[in-house]
Amino acid sequence: MSTEIRRTRSRWSLTGGASGACFHGRVDDPEQWFRRGSELADEGGAVEAEALALLSAAVAAGYGPAKVRLAEFLLHQCSTADAASRTEALQLLREAVTAGVPGARHMLGVTLWDDGALDEAENLLRAALADGELDVQMNLAGLLHHKGDDAAAFALLRQAAERGGGPAYWIVMRLLPPASRAAREVTMAYESATPPEERPVCVLLIPGAWELDPSVLPVD
């Protein structure tokens, strides 16, 4: 299973079910609709219809990031999500990828991984990483581990840890002997990249999710 995206954001038309929603407060442009809609989507409950209306309005106005956020909402946060909303979310993500919206390939890649389209998911995640979206490393590592390429998965995890990724660091340190040279090198790089107050004190890992082939790990 993937890690970062699915852990935090994981399932997103001013018409239809949202037609009765009203916009509370003053919103003057698509970016404001997007920001307020995103806040309400996270809040959920009674404001869900308003979140859907605001995000849909931002999409209709051509604000690219709203497509990714609306897709995220439909996939992971909407209480009335169904097969039709999932199809809509995938369409939004594909349109966002075509338009070059940041984060679209990452979200679509993880979603296709859920659907079992592993090769297309890998291509999207690799493209996102090649374009500088470093936060994709954890999910790409998870997908490669899922496909059996543990050497490439570990390389990505180590890179993510050494640039300051807390979850990646915890995984890598569970895989390496604590006193090994590799563990010391990773720790030095991680601590150089992150101030103490930004380092997670605890990371929830699914048992068995990151059991890599020991033969791919560095040895002293």
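Just the heavy atoms: all of them, side chains too, but no hydrogens, waters or symmetry mates, feed the values below.
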Salt bridge present between [X] and [Y] (N-O < 4.0 angstrom):
{"X": "E185", "Y": "R158", "answer": "yes"}
{"X": "E120", "Y": "R94", "answer": "yes"}
{"X": "R35", "Y": "E39", "answer": "no"}

Looking only at non-hydrogen atoms, find the nearest pair between [X] and [Y] and report the distance.
{"X": "P167", "Y": "M138", "value": "CB-CE, 4.0 Å"}
{"X": "P178", "Y": "A183", "value": "O-CB, 3.6 Å"}
{"X": "A104", "Y": "A96", "value": "CB-CB, 3.6 Å"}
{"X": "A51", "Y": "G37", "value": "CB-O, 3.5 Å"}

Legend entry - Stepwise side chain to side chain contact (heavy atoms under 4.5 Å, CB included) check, L92 with V68: CA-CA 7 Å; L92 286 166; V68 178; over 6 Å; no

Inset, instruction - Could you give me the CA-CA distance, side-chain angles and deciding distance for D115 and R86, then say whether salt bridge (charged side-chain N to carboxylate O under 4.0 Å, His left out) is met? - result: CA-CA 11 Å; D115 290 346; R86 185 173 183 83; 2.5 Å; yes

Could you check whether any side-chain heavy atom of [X] comes within less than 4.5 Å of a side-chain heavy atom of [Y], counting everything from C-beta outward?
{"X": "L157", "Y": "W210", "value": "yes"}
{"X": "K147", "Y": "L143", "value": "yes"}
{"X": "D114", "Y": "L112", "value": "no"}
{"X": "L40", "Y": "E48", "value": "no"}
{"X": "L156", "Y": "Q159", "value": "yes"}
{"X": "W33", "Y": "P30", "value": "yes"}
{"X": "L125", "Y": "H106", "value": "yes"}
{"X": "K67", "Y": "L93", "value": "no"}

Would you give the length of the straight line joining atom [atom1] of [X] to atom [atom2] of [Y], rounded to the nearest 0.5 angstrom?
{"X": "E43", "Y": "S38", "atom1": "CD", "atom2": "OG", "value": "12.0 Å"}
{"X": "L175", "Y": "L212", "atom1": "CG", "atom2": "CG", "value": "5.5 Å"}
{"X": "R163", "Y": "S192", "atom1": "CZ", "atom2": "OG", "value": "15.0 Å"}
{"X": "I206", "Y": "E211", "atom1": "CD1", "atom2": "CD", "value": "12.5 Å"}
{"X": "L118", "Y": "L144", "atom1": "CG", "atom2": "CG", "value": "10.5 Å"}

Inset, instruction - Apply the test side chain to side chain contact (heavy atoms under 4.5 Å, CB included) to residues F154 and L176: give CA-CA distance (whole Å), side-chain angles for both, the deciding distance (0.1 Å), then the verdict. - result: CA-CA 11 Å; F154 179 78; L176 296 175; 4.0 Å; yes

For the backbone of [Y] and the side chain of [X], can you confirm whether one donor and one acceptor N or O come within less than 3.5 Å of each other?
{"X": "D150", "Y": "D213", "answer": "yes"}
{"X": "R105", "Y": "N123", "answer": "no"}
{"X": "T111", "Y": "M107", "answer": "yes"}

Inset, instruction - Go through the steps to decide whether L55 and R36 satisfy the test side chain to side chain contact (heavy atoms under 4.5 Å, CB included), and finish with yes or no. - result: CA-CA 8 Å; L55 291 172; R36 181 57 177 157; over 6 Å; no

Legend entry - In one Ile/Leu/Val/Met/Phe/Trp/Tyr side-chain cluster, 4.5 Å: Y190, M188: no

Inset, instruction - Taking atom types as modelled, find out whether Y169 and T187 have a side-chain donor-acceptor pair closer than 3.5 angstrom. - result: yes

Legend entry - Q32 and D29 side chains, donor-acceptor separation under 3.5 Å: yes

Inset, instruction - Give a yes or no on this: more than 12 heavy atoms of other residues, nucleotides or ligands lie within 6.0 Å of atom CZ of R174. - result: no

Legend entry - H146 vs W113, side chain to side chain contact (heavy atoms under 4.5 Å, CB included): CA-CA, chis, key distance, verdict: CA-CA 10 Å; H146 182 77; W113 177 5; 3.9 Å; yes

